[in-house]
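For reference, the structure discussed in these notes is given below.
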Amino acid sequence: MDRRSSSCFLFLCVILLATSCTQEPAIFKEYRTVFKVGDQPTWAKKVWNHSNWERRIKLIPEGQIFWSRTRIDILRAPEEFQSYVLQIDPYGEYEIFWDGVLIGKNGNPGQEAELPPEGELWVTYSIPTHLATEGAHMLALRLSNYYFPDHVGQYELEIADYEDLFTDQLIKTSYMHVFAGAFLIISIYFLFLFLNNRKEYPTLIFSACCFLIVGLVLTVFSKDYVPIHYSVHVIRLQIINSFLLGISFLIPYYFSIQFPYPRRGLSLILYAVVLIFIWLINEHAFDWKTVGMVLSMWCFSFGMVSYGAYKNVRGARLVLVTLLLSVVVFLASGFVVSLYTGLGLILLGMLYLLTLNIKEQRLAYENSLIQSTRLRLELLKKNIQPHFLMNTLTSLIDWVEEAPKKGALFIEALAKEFDLFNQIEDQTLIPIAQEIALCRSHLEIMEYRKEIAYSWEEEGIDPEEKIPPAILHTLLENGITHSMHMADNSIKFKLVFESNSQYKCYTFLTFAARTGHETNTKEEGTGLKYIKARLTESYHSKWDLTSEPTDHGWKNTLKIYS
Amino acid sequence: MKILIVEDESRIAKRIERMTRDILGYALQSLTHINTLNEALAFIENNSLDLVLLDLNLNGEDGFDLLTTAVSESFHTIVISAYKDQAIAAFEYGVLDFVPKPFNRDRLEQAFNRAIAKEKTGNDQLKVLAIKKRSRIQLIPIENLLYVKGAGAYTELFLADGKKELHDKSLEKLEQLLSHSFERIHKSYLVKMSEIREIIVASGSKYMAELKNGVSIPVGRTKYKDLKEKWV
């Protein structure tokens, strides 16, 4: 646990360090951008009175040309051999002017309706060195926005040293791709784990979460190298939000499986409704949706994990710490960084829970191996335990001495039982016919020993059915040990089989005189323990065994549920 | 001889019965076979017996309850069992012999001889003597026993803490069981050898054994020489 928390901490430090490297003092100051519909080449000029221009225009239909002008003060001129670049992402196709000089062209402003989409959303333009002097400058854009006429001129602007901007983006993108790559491998690994064990839904959910995060990161950070025309940008945002929607649902869902609580289904449905509401409302407010979904995810997860920690579920405390750490990151570095760091932390927490599960499964498997070996030994022991063997041999000697022919038959019966035991010794399920043969041969032996007329009846037996070995044999042994013969010196056993769509039922009846006192529980205990362990081995919890006295003797009922 | 067989395996019981009749012949007065524990306890309570042949595992029940009762009685108990690992425990409780299954006539005869011939078994595994109290059986550790005095059919056990207890077994029977550390120094006394401090010749050529706790016990005239040799 310590090692794991320290690795979480390390991860956190790396991310914080990576983000803090990008902080640098500003080299420019941006003034309010103003707009005007129309098209005049002189509007590109550095000096032009634009006091009557609009601060905001709601709609410019049909791809009309409009202009924007932004005053920018360069606070620090570039050093020798250094050059400044300008990065901008307005919706639209445009020509860009710096102090009246055309420094770039992105698509065909004004001709969008006729020409196919051209240009990219994120473009970098270099500012001519002689125009990058300290002081006031004018950025003018000649645009048209055919595809989103109601999204006019809201854009982000960045001026930076070319080398710095390039390096920063490279570093950020490569970090995030390493991050995504790691989760891609984890996702594939856990997908394979799931495919090999289809019952383990947490592994599948975890794999899906990792995969969605890979998708999210790739979609967000591929913008620097995948050209996207502004007309398809909303699709990108929708994809991003869909990934987030998936992640936001799956993480709390995963926690709800790991830390079960009452009314789980209902709360999950409610949560899904909340998420879909956030996702659908306000079509274009993507930032708002992102925050809303992530916040809901965090709150729900926190609730579930807290409950798990309260109930002392293994691993819940550590996951709670990772959730709280993501808040610390949020407070320290803002939303974007904390989103990925937080997701990374939470996934590490989830991974930790899965490793706990895997460990538990391994232990359970090892235990089951030990258990089945133990059961095998127990089965073998049945025939060599002194009570059976020595009493049988004593009787056998007597038969051989007194009635050698019968003695020979006795030996044959004994050989048959040993043979049957050898056949079933290493199996977990055997045909019922074999089990019945075992019971019959045991009765034969006991008849020689006890000189009681034992009889066996069966009803409705389906010879195709299977049953764990020596279950009925053990019940039969108990029946013989704990019952007295009836007046005619006989004891009858009867096995009845019934089945329906819900269960298969074996009823094992003993017809005998009651012994008149309660049977010793210790001896019966070992037999019953063997039966129960065998049933659990083959049917897990889907079985039921009851024993009760009846007027005629004893009744055991074994139900195996389908 | 009056004998009870407690055995739930019919064939084995018949074997024991047949061999017993064969071995004891006319010496056998009565022979009873019982196959449940409760019936056996009731029978022991209501009949006088000389010997009980006991199986320790009856219908899956633990025969040690019956064993403690049996060994507290006046008769000797011989255990016939499939569980050899119970032999030590049985001897600790004071059975005369333990016959492991499967057995033959010779082994059974050997066990009977111990009972009939008053052969000393000298079993040094005996740890306790079971005595009957009003409604229960009390186990007295042998190390607490100093000497035994015969009192008709009964015996009196004198213990290290000064107490005196009654045992249903005769002095002869106890002598058989206790012979490894106790010596019959008088027709009425059985004494633990290690407890004798001194042997005194009193006036009138009476011999007395003085124990470490100061008690003096008479020594039989015929036993004196024997005792002198053993007690060095």
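Convention: sequence-line order gives letters A, B, ...; per-chain numbering from 1.
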**Message:** With a 4.0 Å cut-off on N to O distance, would you call B:Asp97 and B:Arg114 a salt bridge?
**Reply:** yes
Q.
Can you tell me how the ring of B:Tyr83 sits relative to the ring of A:His387, calling it parallel under 30°, perpendicular over 60° and tilted otherwise?
A. parallel
Checking heavy-atom separations under 4.5 Å from chain B, one finds in residues 400-423 of chain A A:Glu401, A:Glu402
Is there a donor-acceptor contact under 3.5 Å linking the side chains of A:Lys504 and A:Ser562? no
Contact list (residues 435-444 of chain A to chain B, heavy-atom gap under 4.5 Å, by number) returns none
With heavy-atom distances below 4.5 Å as the criterion, would you say the side chains of B:Lys149 and B:Lys164 are in contact? no
When every non-hydrogen atom of B:Thr77 is compared with those of B:Val71, the smallest separation belongs to OG1-N, 4.0 Å
(request) State, without any angle test, whether B:His167 and B:Glu156 hold a side-chain donor-acceptor pair at a distance under 3.5 Å. (result) no
Whatever's closer than 4.5 Å to a heavy atom in chain B on A:Phe388 counts as neither
If you draw the axis of the six-membered ring of A:Tyr503, does the NZ or CZ of A:Lys559 fall within 45° of it and under 6.0 Å from the ring centre? yes
Assert top hit (heavy-atom pairs under 4.5 Å, partner chain B, pool A:Thr392, A:Asn391, A:Ile452) equals A:Asn391
Note: B:Leu159 and B:Leu146 closest approach over all heavy atoms is O-CD1, 3.8 Å
On a heavy-atom basis, the closest approach of A:Ile467 and A:Tyr539 is CA-OH, 4.0 Å
Heaviest contributor of heavy-atom pairs below 4.5 Å to chain A, chosen from B:Lys14, B:Arg18, B:Lys84, is B:Arg18
Interatomic distance, CG@A:Leu476 vs OH@A:Tyr454, rounded to 0.5 Å, equals 8.5 Å
Say whether B:Asn38 and B:Thr36, considering side chains only, have a donor N or O and an acceptor N or O under 3.5 Å apart.
no
